[in-house]
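See structure below.
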Amino acid sequence: MSVGTLYTFSGLPFGKRVRAVAAAAGLKVDEPSTHVGESNKTAEFIAKFPNAKFPAFEDPNGFRLFESSAIARYLASLAPEAKLLGTTPQETALVDQWISFGDNEVRVPMINALVILRGSAGAYSQPIEHHWRQLVIPHLEILDMHLKDQKFLVGHSLTIADLTLATIVQQAFSTLVDAPARNKLGNLVRWYETVVSLPPVKDVYGETAYIEVALQHQAA
Amino acid sequence: MSVGTLYTFAGQAYGKRVRAAATAAGVQLDLPACTFGETNKSPEYLAKFPHGKFPGFEGKDGFKLFESAAIARYVASLSPNSTVLGATSHDAALVDQWISFADNEVRVPVSNTLAIVRGNAGTYVKPIDLYWRQRVVPALEVVDKHLQTCTFLVGERITLADITLATIVQSAFSTLVDAPARQKLSNLLRWFETVVNQPLLKDIFGETSFVEAAVQYQPPKKETKEAKPAKAATVSGTAAAAVGAVQSAASAAVAAVKPKKKKDEDEEEDEPLVPAEPKVKNPLDDLPKSSFNLEDWKRAYSNMDTKGPGGAIEWFYEHYDKEGFSIWRVDFKYNEELTQVFMSSNQIGGFFNRLDASRKYLFASVGVLGSANNSIITGVLICRGQDFKPVIDVAPDWESYEYKRLEPQANPEDKAFFEDALAWDLKVGDKAWADGKNFK
C-alpha cells in the first residue's frame, strides 16, 4: 500500500533524501516520471505546490507537503518502529542538529560555489567562489571528527541524519571533495560507504562518481 | 525552572528564533550575556561547542546542542501541552515545511546577497549579487499568497514556523526588502506585524528597522593602488579586462570590509542589529618593546635591492630581533584548486586585504609558483611575537593555509627559502615564481 506520491526527478539530491528515508522505513511511495522545468511549472502542479519545486509529496487523502526535509521527517514518523528519528527526545534533537549542520554548513557553501564555478550566477568570480568553497572541507572535518568513534551520526543505529547527510556528502565527493581531500577524511569516507551500501537504500544512492580532481572553473 | 542555558549574543536572529520558541512554549531558558568574537572563542565555550558558533544550548543535565533549528524544536518539545510544534502530525509536518522553506528559500538568498554587498565574500560582482537578490521577493510572494487566507502559517495559532520565518523576514525587511517591495506583500506584512507584536514575544523581536531603500553595494571613495600590476598587463583581451575588474573590485572590497569581520557573523545573521564592535585592545601591543621596527623594514624592502651588498636582506639581518618577531613559511592547502596564475595572484591579494587589521604586526611576501593548473601558493611572513596565529587569524580564511616556523639565521634551507621569497625568485621543486604580492 503506497503512502503517497512523490514528485521528484532522478538524480535530485533533495529527492534522494526522501526516497532513502522511505526505503529505510519500508514505505512504498509512488513516483510518477517527471521532467524538471516542465512538470513543476504547470498550473496543476503550482495549484498543489505553490513553491513550484521538486520534491513534493501528496498522500492518498490529499495531504500535501513540500521541502524535502519536512517530507523525509513526515515519512519517518509514519514508521516509528524503524526508529529513524532517534530513540529519545535528545537523540531526535541530535538528528535535527546534524541535518541542520549538513544543510547550512556543507550543502549551502557547496552549492553556492558550484553555482558560481559553473557560470550559472551570471558571472564568474574566483574570490567569491573561493569564499564559499573554502568552507566545505573544514565543516566536513567536523563531521569526520564526530565520526571517529561512531558508526552512525546519532546513537547506535541509522537515522534520517545519516540518510540526509549521505546525499550531501555524495554530491560533495563527486564535485569539490576529491581524492586527496577524501584521503584526509577517513572516518567520513568509512561512514559514507557504510550508509550508501545498506541493502534497503543501496539502489537509491546508486553508484557514487567519486571525483579524482576537484571541479574547477572552465574559462570560456 | 529553566530547562538550560542558551548561548547567543544580543540581536542574533538565530538566537531570537530559539528564545521566541521557548517563550511561546512556556519554557524558561538561562541567557547569560555573550559577546560575539569573544565568548565563542573562549576555551570554556570551545570545550562545549568545538566549532565555536552561536547559538549553543546546554540542558540542565549537560545535554549539548547546536544549530538553532534543532535547539528551537527541542526546547519547544519540552513543553508537553504546547502546540508550538503543531497540534496534529499533519500540522507538525507543515510546520517543518515552512521552516525549511524559510531557511532555504528566503534566508539563504538574503544571507548570500548581503555577504556579497558588504564585501565579505572576497569581492563585489553585480551579476552574482543579483542572482541571489532576485530570489528573495519571489519566495516571499509564495508566503504572501499562502497568508491571503490564513492568519498564521499553520493551523489557528502561532507555531515555530511563524516564529522562524518572522526572524528571517525581520532581517529581510531591514535590508533587501524595501518600502516599495513591502507594499506588494501586504498579507506578509500583516502577518509579520501580528507575530512580532505578540505580547510575550515583542521584547524578543524588538523594533524592526524597516529599510526605505534596499541595501546596495557602496564602492569606496578612494581607490587603493594595487602593487605590481605589470605581469597582469601582459594577459590579453578579456582576461586583462577581467583582471582589471577583479583588481578594482578587490580594492573596493578593501575599503568596504570592516577589518574585524569574520565569516561567522554573516552566517549568524547579526546585521544590522548587532551593537557596534567594542574596541578590543590588541594583545600584540602588550608585548615587550622590540628594537626591530617593522615600518623601517617595509621602507628598506621597498627602497633597496633585495639581495646583494647594501641590500634589504643585509639590512634585515643587521636589525632583526628574533625575540620580538618570528618568521613563518605559509602554504595554501588546496593547491589542486588553483587554475590561472593571475587568479591565484588575486587570491593572495584577497587574503592580504583580509589581513589588513594586522598591518602593524605583519609583513609578507607570497607568490604563485608554477603555471596554469600546476601551481602552488607559498611564501613568507614576518610576524610580531612568537606565534603567527594572533596576527593571521584576523583573516577568516586563515585556515586555508598552513604555517611553518622558519629560522633563517640558524638553518641554511630556511635562509634560502626566506631570501628567495623576499626576492621573488623562489623555486620549489620544478615550480618557479610566476607572480607575487607583498603585504607591507
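Computation of the quantities below employed the complete heavy-atom set of this structure, encompassing side-chain atoms and omitting hydrogens, waters and symmetry-equivalent molecules. Given the structure is predicted, the values throughout are model-derived calculations rather than measurements. Numbers restart at 1 for each chain; the letters A, B, ... are given by sequence-line order, proteins then strands.
- Here the side chains of A:Glu105 and B:His51 are not in contact, with every heavy-atom distance at 4.5 Å or above.
- Using a 4.5 Å cut-off between heavy atoms, A:Ile128 contacts chain B through both its backbone and its side chain.
- Looking at A:Asp103, neither its backbone nor its side chain comes within 4.5 Å of chain B, counting heavy atoms on both sides.
- Contact of the A:Ser125 side chain with the B:Ile128 side chain is registered, since non-hydrogen atoms from C-beta on lie closer than 4.5 Å.
- For the residue pair B:Thr339/A:Gln216, the side-chain donor-acceptor check at 3.5 Å is not satisfied.
- Neither the backbone nor the side chain of A:Leu176 comes within less than 4.5 Å of any heavy atom in chain B.
- When side chains are defined from C-beta on, B:Arg107 counts as touching A:Asn104, because their heavy atoms get closer than 4.5 Å.
- Neither the backbone nor the side chain of A:Leu78 comes within less than 4.5 Å of any heavy atom in chain B.
- With a threshold of 4.5 angstrom between heavy atoms, A:Arg133 approaches chain B through side-chain atoms but not through N, CA, C or O.
- Side chains of A:Asn51 and B:Glu105: a donor-acceptor N/O pair is absent below 3.5 angstrom, by distance only.
- Considering only heavy atoms from C-beta on, B:Leu94 comes within 4.5 Å of A:Phe63 through its side chain.
- Looking at A:Ala214, neither its backbone nor its side chain comes within 4.5 Å of chain B, counting heavy atoms on both sides.
- Only the side chain of A:Val115 comes within contact range of chain B, with heavy atoms under 4.5 Å apart.
- Rounded to the nearest 0.5 angstrom, A:Gln90 CD and B:Phe63 CZ are separated by 4.5 Å.
- The six-membered or imidazole ring of A:His130 lies away from that of B:Tyr334, with a centre-to-centre distance of 6.0 Å or more.
- To the nearest 0.5 Å, the span separating CZ on A:Phe66 from OG on B:Ser100 amounts to 9.0 Å.
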